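Written out below as structure tokens is the structure these notes cover.
Please read these numbers as outputs of a predicted model, since none were measured by experiment. In this chain, residues are counted from 1 in sequence order.
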Amino acid sequence: MELDQSFDEAYEVWFRKHLKESAGDRRLQLERRAAKADPNDQACAETRFLREVWWPVYGELESLIPEYEIVDGLGKTRYLDHAMIRYPVLADLEVDGYASHQKDASRWSFADDRRRDAGLRMLGWDVLRIAYSDVQAYPLACQQLLRRRMISIAPKATQKQEWVERVIQYSIYHSPFTIKDVMALLRISENPARKLLRELVGKQLILSAGTGDKRVRFYQKNDHYLRGRNPQVIKF
């Protein structure tokens with residue numbers, strides 16, 4: 001996947017922005033994260049999750065809020081590793097190290113983790129926890145897990161969005177294809193099919209594959225756009 005800027009550059013700008021805007025206990029949480037300098041150390045699980053999992057999938061960090069402060073449904077203040085707020089979607093992305101969540105965990109902290117997740121779900125948050133050991137050993141599988149989870153909690157697509165996705169998926173296995181193929185695929189007439197194809201070509205979601213005397217006759221997949229959208233199924 002080609003990115004317009006490096007992770008390190010984007011992370012520096014993103015993190016400093018949130019650090020500058022924070023105060024109180026949230027600022028202390030961010031400062032603790034900043035003090036964890038070694039990206040290969042377990043202490044930097046949050047940063048490594050962003051580098052190895054989130055960034056290769058989305059190529060940006062602006063959608064996420066680090067150490068997001070919230071009072072959960074049980075009345076307790078919590079700090080989320082990475083919050084994504086895109087109403088109606090509320091997502092909490094957590095990366096859990098073994099030491100902090102298992103080996104050295106007390107019964108109280110183990111129970112509090114469960115209360116935390118329940119308290120967030122009361123407010124409509126979707127909580128995704130990924131083990132830090134999986135981030136280290138299986139980053140591609142974690143990327144796939146993230147992608148599928150985010151798709152599953154996204155608002156239901158409109159009819160047009162469904163049409164777009166079906167045409168893009170069709171192009172992967174049936175290039176080149178014609179407007180008649182799209183009409184049969186979506187069960188629509190020529191005018192809306194042509195309008196849809198013109199829009200997809202304009203956004204470079206698909207490509208024209210040759211022209212006739214007056215109109216485009218064939219269409220094909222855009223490998224550049226598809227790169228990274230359909231990864232091979234990878235198991236942990």
Side-chain angles (χ1 to χ4, degrees), residues 1-18 30 33 36 39-42 44-68 79-97 117 120 124-158 161-162 164-173 200 203-207 221-236:
M1 182 176 182
E2 296 182 3
L3 305 175
D4 294 331
Q5 63 180 152
S6 71
F7 170 82
D8 291 334
E9 177 186 354
Y11 181 85
E12 181 74 12
V13 173
W14 171 79
F15 190 83
R16 287 189 176 277
K17 171 190 172 185
H18 285 283
L30 289 169
R33 187 187 293 200
K36 302 168 184 176
N40 295 315
D41 185 78
Q42 180 163 312
C44 265
E46 301 92 347
T47 304
R48 186 145 181 187
F49 164 80
L50 294 176
R51 182 193 297 275
E52 303 291 340
V53 181
W54 176 271
W55 182 262
V57 175
Y58 294 106
E60 57 86 25
L61 298 173
E62 294 305 315
S63 297
L64 300 179
I65 304 173
E67 302 299 336
Y68 183 71
Y79 295 92
L80 315 187
D81 281 358
H82 307 102
M84 190 189 80
I85 302 175
R86 292 289 184 272
Y87 293 107
V89 175
L90 300 172
D92 170 26
L93 308 177
E94 298 287 322
V95 53
D96 295 340
D117 291 357
L120 289 173
W125 286 81
D126 183 89
V127 181
L128 172 60
R129 291 184 177 274
I130 295 180
Y132 180 61
S133 58
D134 281 343
V135 173
Q136 291 177 301
Y138 309 108
L140 296 181
C142 290
Q143 292 169 23
Q144 187 178 59
L145 174 63
L146 172 67
R147 183 184 290 108
R148 291 186 177 183
R149 183 62 166 269
M150 299 305 287
I151 290 174
S152 73
I153 65 175
K156 186 176 180 181
T158 64
Q161 289 171 328
E162 291 178 357
V164 169
E165 189 61 33
R166 291 181 66 185
V167 172
I168 292 172
Q169 292 296 322
Y170 184 86
S171 73
I172 297 173
Y173 304 105
L200 295 183
K203 294 181 178 180
Q204 295 190 327
L205 304 186
I206 60 173
L207 301 173
K221 64 181 178 179
N222 183 346
D223 288 325
H224 179 74
Y225 171 73
L226 290 171
R227 192 174 300 132
R229 278 177 50 91
N230 297 277
Q232 180 182 0
V233 175
I234 300 172
K235 297 181 180 180
F236 288 98

Problem - Shortest non-hydrogen contact between R149 and L128, atoms and distance - result: NH1-CD1, 3.3 Å
Handout entry: Closest non-hydrogen atom pair, L80 against E94
Key = CA-OE2, 3.4 Å
Problem - Spacing of L226 atom CG and S171 atom OG [to the nearest 0.5 Å] - result: 5.5 Å
Exercise for the section: Can you measure from OH (Y11) to CZ (R16) and round to the nearest 0.5 angstrom? Expected result: 10.5 Å
Problem - Y58-S63 side chain donor-acceptor pair, cut-off 3.5 Å - result: no
Fill in the blank from the handout: Per side-chain contact (heavy atoms from CB on, under 4.5 Å), V127 is matched among L93, L90, D117 by D117
Exercise for the section: Hey, could you give me the CG/CG distance between L200 and L207, rounded to the nearest 0.5 Å? Expected result: 11.0 Å
Exercise for the section: Classify the ring geometry between F7 and W55 as parallel (under 30°), tilted (30 to 60°) or perpendicular (over 60°). Expected result: perpendicular
Handout entry: Distance-minimising heavy-atom pair for L30 and F15
Key = O-CZ, 3.2 Å
Handout entry: Side chain to side chain, C142 and F49, heavy atoms closer than 4.5 Å
Key = no
Practice task
Report yes or no: does R33 contribute a side-chain atom to a donor-acceptor pair with the main-chain N or O of D81 at less than 3.5 Å?
Solution key: yes
Fill in the blank from the handout: The reported gap from NZ in K221 to CD1 in I168 (rounded to nearest 0.5 angstrom) is 13.5 Å
Practice task
State, to 0.1 Å, how close W54 and M84 come at their nearest heavy-atom pair, and which atoms those are.
Solution key: CH2-SD, 4.2 Å
Fill in the blank from the handout: Value for CG (L50) from CG (L61), rounded to nearest 0.5 Å, stands at 6.0 Å
Fill in the blank from the handout: For Q204 and Y225, the nearest pair of non-hydrogen atoms, with its separation, is O-CB, 3.8 Å
Exercise for the section: State, with a plain yes or no, whether a side-chain heavy atom of D126 is found less than 4.5 Å away from one of V89. Expected result: no
Practice task
May I ask you to decide if E52's main-chain N or O and Q143's side chain share a donor-acceptor pair within less than 3.5 Å?
Solution key: yes
Fill in the blank from the handout: Smallest heavy-atom separation, I153 atom then A91 atom, equals CD1-CB, 4.1 Å
Problem - L64 CG to E46 CD distance, which is reported to the nearest 0.5 Å - result: 12.5 Å
Handout entry: Any donor-acceptor N/O pair, W125 side chain to D92 backbone, under 3.5 Å
Key = no
